[in-house]
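Below is one structure, written out as structure tokens; the observations come after it.
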Amino acid sequence: MQSLQLVSRENHPEDTIVTVRGVAIGGDGFVAMAGPCAVESRDQLFESAEAVHKAGARVLRGDAFKPRTSPYSFQGLKEEGLQILAEAREEFDMPFIAEVLDPRDVELVASYADILRIGTRNMSNYSLLQEVGKTGKAVQLKRGFTATVEEWLAAAEYIATEGNPNILLVERGIRTFETSTRNTLDIAAVPVVRQASHLPVIVDPSHSGGRRELVAPLSRAAAAIGANGILVDVHPHPEDAKVDGAQALLPDEFAEMMGDIGRILEALGRA
Ligand code: PEP
Ligand code: MN
């Protein structure tokens with residue numbers, strides 16, 4: 001792939017390990033990143049954070065800026081949400097990831113978050129990729145829902161060319177003719193990308209499957225196939241969630257799934 005230089009494994013055979021506040025992501029390790037899709041209130045975020053922390057998640061997720069299909073849907077708590085996330089980081093000693101939607105918000109989100117997420121809709125927003133690249137902060141780059149693996153890696157190259165090697169790739173499903181899942185999880189993309197690139201690869205079983213009962217089986221598949229981690233929606237009261245309640249795991253379900261993943265990793269001799 002000629003468009004790939006900095007992110008290509010050919011030019012950099014060793015795995016990149018992205019370390020965020022002492023949490024190392026990449027190599028043989030497996031890191032669970034979990035929390036609600038969106039921060040809705042302090043209580044909701046703290047309840048989620050406490051549960052995922054107790055179950056073994058090392059990174060907290062929770063968005064303050066939400067990309068919604070309808071302009072009338074909940075758009076996020078913005079800076080107030082980032083402040084709540086920063087409080088939870090101190091309380092539970094977990095770094096957090098939050099999405100940044102717009103180049104004008106990069107400075108604000110980067111002043112709070114440990115990992116900046118580029119969502120599927122923005123994977124090919126090249127000016128946004130350059131802005132997050134310039135911050136030097138870790139960036140989670142989701143695969144565009146219509147992007148090929150080559151296009152996704154070329155998007156990562158945009159971040160890397162700004163001098164930022166701290167990139168985590170997230171397979172979150174692609175749009176296909178199949179309607180039984182929200183998106184089709186391209187599980188084969190995990191070994192394909194791990195071969196083509198030295199960057200860590202994370203699987204999002206929530207936005208791909210789109211249904212609670214699919215999250216655990218897809219997460220087990222991610223662990224078995226060699227992903228470097230998962231990004232999972234967990235909500236203490238999914239029936240009241242403002243965003244994506246149907247795909248959120250309950251805290252107990254998340255804890256049970258983490259036990260299964262631990263056994264899979266152990267069987268494979270992984271940390
Ligand atoms: C999310 O992780 O909350 C999200 C919006 O995901 P995606 O960009 O993959 O749809
Ligand atoms: Mn979501």
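The first residue in the sequence is number 1, and the count goes up from there. For ligands, and for the atoms within them, numbers begin at 1 and follow the listed sequence.
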Have a look at ligand 1 and work out which part of Asp63, if any, has a heavy atom under 4.0 Å from it: side chain, backbone, both or neither.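 Only the side chain of Asp63 comes within reach of ligand 1.
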
Taking only residues two or more places apart in sequence or in another chain, which ones pass side chain to side chain donor-acceptor pair (under 3.5 Å) with Glu151? Thr148

Using a 4.0 Å cutoff against the non-hydrogen atoms of [X], which atoms of ligand 1 qualify?
| X | answer |
| --- | --- |
| Glu99 | 5 (C) |
| Lys66 | 1 (C), 3 (O), 5 (C) |
| Cys37 | 3 (O) |
| Arg117 | 1 (C), 2 (O), 3 (O), 4 (C) |
| Gly119 | 8 (O) |

Cationic N near anionic O, under 4.0 Å, Arg9 to Glu14: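 Looking at Glu14 together with Arg9, the answer is no, because their closest N to O distance does not fall below 4.0 Å.
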
Nearest protein heavy atom to [atom], by residue and atom, and its distance?
| atom | result |
| --- | --- |
| atom 4 (C) of ligand 1 | His207 NE2, 3.5 Å |
| atom 6 (O) of ligand 1 | Lys142 NZ, 2.8 Å |
| atom 9 (O) of ligand 1 | Arg172 NE, 2.6 Å |
| atom 8 (O) of ligand 1 | Thr120 N, 2.8 Å |

Enumerate donor-acceptor pairs with a distance under 3.5 Å from any side-chain N or O in residues 106-113 to protein atoms, sequence neighbours excluded.
residue	atom	partner	partner atom	Å
Ser111	OG	Leu108	O	2.7
Tyr112	OH	Glu79	OE2	2.6
Tyr112	OH	Gln83	NE2	3.4

Sort by chain and number the protein N/O/S atoms that are closer than 2.8 Å to the Mn ion (ligand 2), and list them. Cys37 SG, His207 NE2, Asp244 OD2

Would Arg121 count as a contact residue for ligand 1, given that I'm defining contact as a non-hydrogen atom of the residue lying under 4.0 Å from a ligand atom?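 It does, in that a heavy atom of Arg121 comes within the 4.0 Å cut-off of ligand 1.
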
Do any pairs count as a salt bridge (Lys or Arg N to Asp or Glu O under 4.0 Å) and have a residue in residues 166-192, sequence neighbours left out, and if so which ones?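 Non-adjacent pairs meeting salt bridge (Lys or Arg N to Asp or Glu O under 4.0 Å): Arg143-Glu171, Arg143-Asp186, Arg182-Asp244.
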
Counting heavy atoms not belonging to [X], are there more than 12 under 6.0 Å from its [atom1]?
| X | atom1 | answer |
| --- | --- | --- |
| Glu266 | CD | no |
| Glu47 | CD | yes |
| Glu87 | CD | yes |

Just say parallel, tilted or perpendicular for the rings of Tyr158 and Tyr126, cut-offs at 30° and 60°. parallel

Residues His207 and Gln247: side-chain donor-acceptor under 3.5 angstrom: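 There is such a pair between these side chains.
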
Please name the residue in the list Arg58, Arg61, Arg89, Lys137 that meets the salt bridge (charged side-chain N to carboxylate O under 4.0 Å, His left out) test with Asp114. Arg89

Cluster link Leu168 to Leu6, ILVMFWY, side chain under 4.5 Å: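 No, it is not one cluster - the side chains of Leu168 and Leu6 are not joined through contacts under 4.5 Å.
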
